[in-house]
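Letters A, B, ... are given to chains in the order of the sequence lines, protein chains preceding strands, and every chain is numbered from 1.
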Amino acid sequence: MSTDSRPPTDPTTILDARFRAAIHAVSALDADPQIRLSTNPNFGDYQANAAMSLAKETKGNPRDLAGALAAKVDLAGIAETPVIAGPGFLNIRLERSFISAMLQAMDNASLGVEPTKETHAAVVDLCGVNVAKQMHVGHLRATIIGDTIARVFERLGRKVWRENHLGDWGLPIAMTLAALRRSRVDLDRLSLTDLNDAYRRAQLEGRSDDAGLAAARATGVGAHRLAELQAQAESAGEAIQDAKATLLRLQGGDPEVVAAWQKIIDCTMREVYASTSTLNAKVGAEHNRGESFFRDRLAPVVEAFQSAGLAKEDQGAIVVPFADRERPLLIRKSDGGFLYATTDLAALRFRTHDLDGSRVIYVVDARQRDHFKDVFDAAAMIGWDRTRDGNKSEITHLGFGTVLGKDKRPLKTRSGENFTLKDLLDEAMERGVAEVTRRAQDPNAPTHGMRHAELEWVGRAVGIAAIKYADLSNDLTKDYVFDLDRMVAFEGDTGPYLQYAHARIANILAKAMDSAAQIASAAHAVHEPAERALALHLLRYPQMVLDVARTLETHRIGAYLRTLAECFNAFYQSCPVLKSEDASVRQSRLRLCALARRVLQDGLSLYGIDAPERM
RNA sequence: GUCCCGGUAGCUCAGCUGGAUAGAGCAGCGGCCUUCUAAGCCGCAGGUCGAUGGUUCGAAUCCAUCCCGGGACGCCA
């Protein structure tokens, strides 16, 4: 894959090339030199680990081989002669001039991140809200993880489609519509809470308890209870009939029903956009492509599978069987209706073919793993896993874990409801504003005397950063414990810690009073260990972005930024900038600060986290 | 029953896809603000990496078998 072109400003790239050449010269093999960061700064900056595995292949002595490589490798102007250690490690210490040169090369508009050559699009399925339902913590993940993945691809210069696959079609929506029409509420004055209640009422009404009825008969409960259950089943039947009739009118384009349908979508989406805007996630109306969009593409999906001989009838339904597993994929019900698998197949073909996506990513709850495996395999069988020009697409279900409460159970309110996303965000922002306001009381605080509106903006940014960082900086596939108290402690490994480091840098740069041009004209130089550590870490930024694009592991961004903030804070502690005695030291440190600030801000922007100048 | 995903410090989590003495953050203990923001920095303490075998120079990482927890399994999405 071409995504693995290495950043020219990363020392690893140069070391890899030089050692590869040395290996070839010594053994005539083209092998991975296994350049890694040093595990211990006392050993050096990098290490080459290839000698051991290479010696195994050639049945040679690893230390002898390491010695031969050290003698052969050309590191003039790059690093000192590598030192052999242990069973055959080669420890590498870069020359200061080389680090400065790499910094200089990286310190450009793109921060060393080179635009990708891939011209096909990346498609990210994110957010995934259902019409008439409030967003809850699960949507938090689907939204911000998807947004971050999209931002990473955009950062690499790729065409990105954010696809909000709304649940806006089918019987559940019709049931809600029917229930609302029966209760004659004014759809123009509908709040999302009303709508959500109607949705749940409709679900309850529609739940025909046939199983319960049968069980009741079998166990011989009293006549009264039996009659009650029967009545419930009958009214459920009526509600279903009403819903089915409404669905028919909706599908038939009945203007009145369609207008009502549009209104409940608008009502739902108003709050969705409010939340995505609060979250600083780029999800808007232009990204909507819901189930209704694919309604005319469902029958052709089934037909395509049938005519390709990939589908068969089973108990009246149409299924796609797989060679390697028992469970088939159901694509048409015995009553002729379609299922979400049918819609997903239509959407997948749309994404690879119509949107020309060579990378299609579904940011959806991990519990749907089996479902997506089936859909992806079925799509591959019929050849829908290809772009318009026939390129094979990489299709991934990025399944995220469940958000848990402190009791390690899925996060619920005391009454057993899902937490609404809005409440969660409101509370986080409230805590952020309270904290920022409290600190601004201190006359020595940089935020002292700041305008109220600005203080609020900073506080909200802090609260949102806390939530987003806590989510995105963990391994996505695992469940995680949502503990607001810990998140808004704003100490240690948190979003605000990163913002704080950024504000400190911004403060130095503001107090320096040097123009950007003045700073940019200074020479990069690294002398102190803290400067060196910071510089080396900055050079890793472009590779980190590539790694995230490849693995979709958003927590790499968080880990990188946390280390960056740590490096900077250590530098801040031991290396005075404005108070340094030497003018050229002041200038080079100022330049290092400016670069660190831009990388930190750029990295935070991949998470969609704002970086205030003061806090 | 079949399949999938987890198990690392008291708690919450990393561990760069096989490398050197397993790392952070909270919580605990001890230092550092007349000096660029203490939302910070420095240090101490804390571990049979679920268990047992195996693969090899080398395993938290790969393989096998168990134990524990969670999840998914045809006409909902």
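With a cut-off of 3.5 Å on both pairing distances, the Watson-Crick or G-U wobble partner of B:C41 is B:G31. In this structure, B:G47 makes no Watson-Crick or G-U wobble pair, since no nucleotide meets both defining distances under 3.5 angstrom. Base pairing of B:G74: no nucleotide in any strand meets the Watson-Crick or G-U wobble criterion (both distances under 3.5 Å). For B:G6, the paired nucleotide is B:C68, the pair qualifying as Watson-Crick or G-U wobble because both relevant distances are below 3.5 Å.
When distances are taken from the side chain of A:Asp370 to each of B:A72, B:A20, B:C41, the shortest belongs to B:A72. Candidate nucleotides B:G40, B:G71, B:G19 were compared by shortest atom distance to the side chain of A:Asn49, and B:G19 ranks first. Among B:A39, B:G15, B:C13, the nucleotide with an atom closest to any side-chain atom of A:His555 is B:G15.
Put simply, A:Tyr500 has a side-chain N or O that comes within less than 4.0 Å of OP1 or OP2 on B:A39. The phosphate of B:C3 (OP1 or OP2) has no side-chain N or O of A:Lys373 nearer than 4.0 angstrom. Within the structure, every side-chain polar atom (N or O) of A:Arg556 is placed at least 4.0 Å from both OP1 and OP2 of B:C16. Phosphate proximity of B:G18 to A:Lys56: absent, as no side-chain N or O sits under 4.0 Å from OP1 or OP2. For A:Arg540, no side-chain nitrogen or oxygen approaches OP1 or OP2 of B:C16 to under 4.0 Å. Within the structure, a side-chain polar atom (N or O) of A:Lys333 is placed less than 4.0 Å from OP1 or OP2 of B:C76.
Using a 4.0 Å heavy-atom criterion, one finds that A:Ala317 contacts the bases of the nucleic acid, with or without backbone contacts as well. Residue contacts for A:Arg614: at a heavy-atom cut-off of 4.0 Å it reaches a base atom on one of the strands shown. Base contact: A:Asp314 has a heavy atom under 4.0 Å from a base atom. Counting any heavy atom pair closer than 4.0 Å across all strands shown, A:Ser53 reaches a base atom.
Here A:Phe89 packs flat against the base of B:A20; its ring centre is closer than 5.5 angstrom to the base's six-membered ring, tilted by less than 30 degrees. Taking a centre distance below 5.5 Å and an interplanar angle below 30 degrees as the stacking criterion, A:Tyr497 does not stack against the six-membered base ring of B:A39.
Side-chain contact check for A:Asp10 and A:Tyr541: no donor-acceptor pair (N or O, by modelled atom type) lies under 3.5 Å. A donor-acceptor pair shorter than 3.5 Å can be found between the side chains of A:Asn569 and A:Tyr497.
With sequence neighbours excluded, the residues that form a side chain to side chain contact (heavy atoms under 4.5 Å, CB included) with A:Gln368 are A:Tyr340, A:Val364, A:His371, A:Phe372.
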